[in-house]
Novice: 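Here's a structure for you.
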Amino acid sequence: MSSRSGTVFLLAAALAASACDKQTPAAEQANVAGASNASPDEVSPDEAVGSKSAASLAGKIDRSHQGEAAPSVTFFDAAGKKTSLADFRGKPVLLNLWATWCAPCIKEMPSLNAAAAIAGDKVHVLAVSQDMQREKVAPFFAEQRLTRLVPYVDPELGLSLAYKANLPMTIMFDANGRELWRVSGARDWADAESTALIAAS
């Protein structure tokens, strides 16, 4: 096993071993001016830097990384061609990191599929699997009838590593590839609040 493959395997094992619906708030997250006026569904600056338990932050909107550029990590499209978030600039992008082994991820996928249908061609909704075995993803999409989503795969976990993600994690980018907000943990992406949030991005 090559050194790179070994590293990826160990990181994947660590991701799988951690509960995928838990968030580990990063100490380096920046405070954002004005975020103290956060709604009950948003994370305040104090919460973003870890003053509250991870469980209490799950599913809430975190704007503490607003303005950060999307990472230049590549992943694979359904045809096996490499792509990156930069290829989707020009429209807002809703990026969802998930895996077939993550129960909360699987639970929220139908609502993400519905959100993609509601958003239509105004927003790119990208569900990027963090499964190391690419062949598992397309059959899962077919079985679950996720007809509005494309089965993108990141088998080297580049996006999970870039975001230090516990799955599921969803990040909204503007049309220029700058982060607007993120959510760690599962959420109903088809409810009125979530669809309005996506439409406003």
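Numbers here are sequence positions counted from 1.
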Novice: Taking atom CZ of F75 and atom CG of L126, what is their separation to the nearest 0.5 Å?
Specialist: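 CG of L126 is found 5.5 Å from CZ of F75.
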Novice: For G59 versus R187, what's the shortest heavy-atom pair and its separation?
Specialist: O-NH1, 2.7 Å
Novice: Minimum heavy-atom separation for L159 to P71, with atom names?
Specialist: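 The pair with the smallest heavy-atom distance is CD2-CG, 4.0 Å.
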Novice: Could you check if a side-chain atom of Q130 sits within less than 4.5 angstrom of a side-chain atom of M169, using non-hydrogen atoms only?
Specialist: no
Novice: Restricting to non-hydrogen atoms, name the atom on V183 and the atom on G185 that form the minimum distance, rounded to 0.1 Å.
Specialist: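 Reported closest heavy-atom pair: CG1-O, 3.7 Å.
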Novice: Look at the side chain of D154 and the backbone N and O of V128, then say whether any donor-acceptor pair between them is shorter than 3.5 Å.
Specialist: no
Novice: Kindly compute the distance separating CG (L97) from OG (S184), expressed to the nearest 0.5 Å.
Specialist: 9.5 Å
Novice: Without swapping roles, check the side chain of R182 against the backbone of I171 for a donor-acceptor pair under 3.5 Å.
Specialist: no
Novice: What pairs with A70 under side-chain contact (heavy atoms from CB on, under 4.5 Å), at least two apart in sequence or on another chain?
Specialist: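 Once residues adjacent in sequence are excluded, the partners of A70 under the side-chain contact (heavy atoms from CB on, under 4.5 Å) criterion are L85, F173.
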Novice: If you count heavy atoms of other groups shown closer than 6.0 angstrom to NZ of K91, is the number above 12?
Specialist: yes
Novice: Taking the side chain as everything from C-beta on, heavy atoms only, tell me whether H65 gets closer than 4.5 Å to Y163.
Specialist: no
Novice: Honestly, is R134 close enough over F76, meaning NZ or CZ under 6.0 Å from the six-membered ring centre and within 45° of the axis?
Specialist: yes
Novice: Taking all atoms of both residues into account, what is the closest heavy-atom pair of I106 and A99, and its distance?
Specialist: CG1-O, 4.2 Å
Novice: Output every pair passing side chain to side chain donor-acceptor pair (under 3.5 Å) with a member in residues 167-176, not counting sequence neighbours, ordered by first then second residue.
Specialist: N96-T170
Novice: Could you list the donor-acceptor pairs under 3.5 angstrom formed between side-chain atoms of residues 143-151 and any protein atom two or more places apart in sequence or on another chain?
Specialist:
none

Novice: Please enumerate all residues that pass side chain to side chain donor-acceptor pair (under 3.5 Å) together with W189, with sequence neighbours excluded.
Specialist: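 Side chain to side chain donor-acceptor pair (under 3.5 Å) list for W189, sorted by chain: E108.
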Novice: What closest approach, in Å, do L94 and M172 show between heavy atoms, and which atom pair accounts for it?
Specialist: CD1-SD, 3.6 Å
Novice: Determine, stepwise, if the pair V93 / V123 fulfils side chain to side chain contact (heavy atoms under 4.5 Å, CB included).
Specialist: CA-CA 6 Å; V93 171; V123 176; 6.0 Å; no
Novice: Could you state whether M109 and I118 fall into the same hydrophobic cluster, counting links through intermediate Ile, Leu, Val, Met, Phe, Trp or Tyr residues with side-chain heavy atoms under 4.5 angstrom apart?
Specialist: no
Novice: For the CD1 atom of I198 and the CD atom of E193, what is their distance to the nearest 0.5 Å?
Specialist: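 Going from the CD1 atom of I198 to the CD atom of E193 covers 11.0 Å.
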Novice: Please list, chain by chain and in numerical order, all residues satisfying side chain to side chain donor-acceptor pair (under 3.5 Å) with Q133, sequence neighbours excluded.
Specialist: K136
Novice: Can you sort out the partners of K81 under side-chain contact (heavy atoms from CB on, under 4.5 Å), two or more places apart, ordered by chain and number?
Specialist: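 For K81, the residues satisfying side-chain contact (heavy atoms from CB on, under 4.5 Å) (neighbours in sequence not counted) are D77.
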Novice: Could you work out, with side chain to side chain donor-acceptor pair (under 3.5 Å) as the rule, every residue matching D87, not counting sequence neighbours?
Specialist: T83
Novice: List in chain and number order the residues that pass side-chain contact (heavy atoms from CB on, under 4.5 Å) with S72, two or more places apart in sequence or in another chain; answer none if no residue qualifies.
Specialist: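 So S72 forms no side-chain contact (heavy atoms from CB on, under 4.5 Å) with any residue.
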Novice: Nearest 0.5 Å, what's the NZ-CG distance between K107 and D188?
Specialist: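 It is 9.5 Å, given to the nearest 0.5 Å.
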Novice: Nearest 0.5 Å please: distance from the CZ atom of R63 over to the CD atom of E179.
Specialist: 10.5 Å
Novice: The criterion is side chain to side chain donor-acceptor pair (under 3.5 Å); which residues satisfy it with T195, sequence neighbours excluded?
Specialist: none
Novice: Name all residues meeting the ring pair (Phe, Tyr, Trp, His ring centres under 6.0 Å) criterion together with F88; count only those two or more places apart in sequence or in a different chain, and write none if there are none.
Specialist: H124, Y152
Novice: Going by side-chain contact (heavy atoms from CB on, under 4.5 Å), name the residues that satisfy it together with A86, two or more places apart in sequence or in a different chain.
Specialist: S84, R89
Novice: Considering non-hydrogen atoms only, spot the tightest contact between S201 and P92 and give its length.
Specialist: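 That closest heavy-atom pairing would be O-CG, 3.8 Å.
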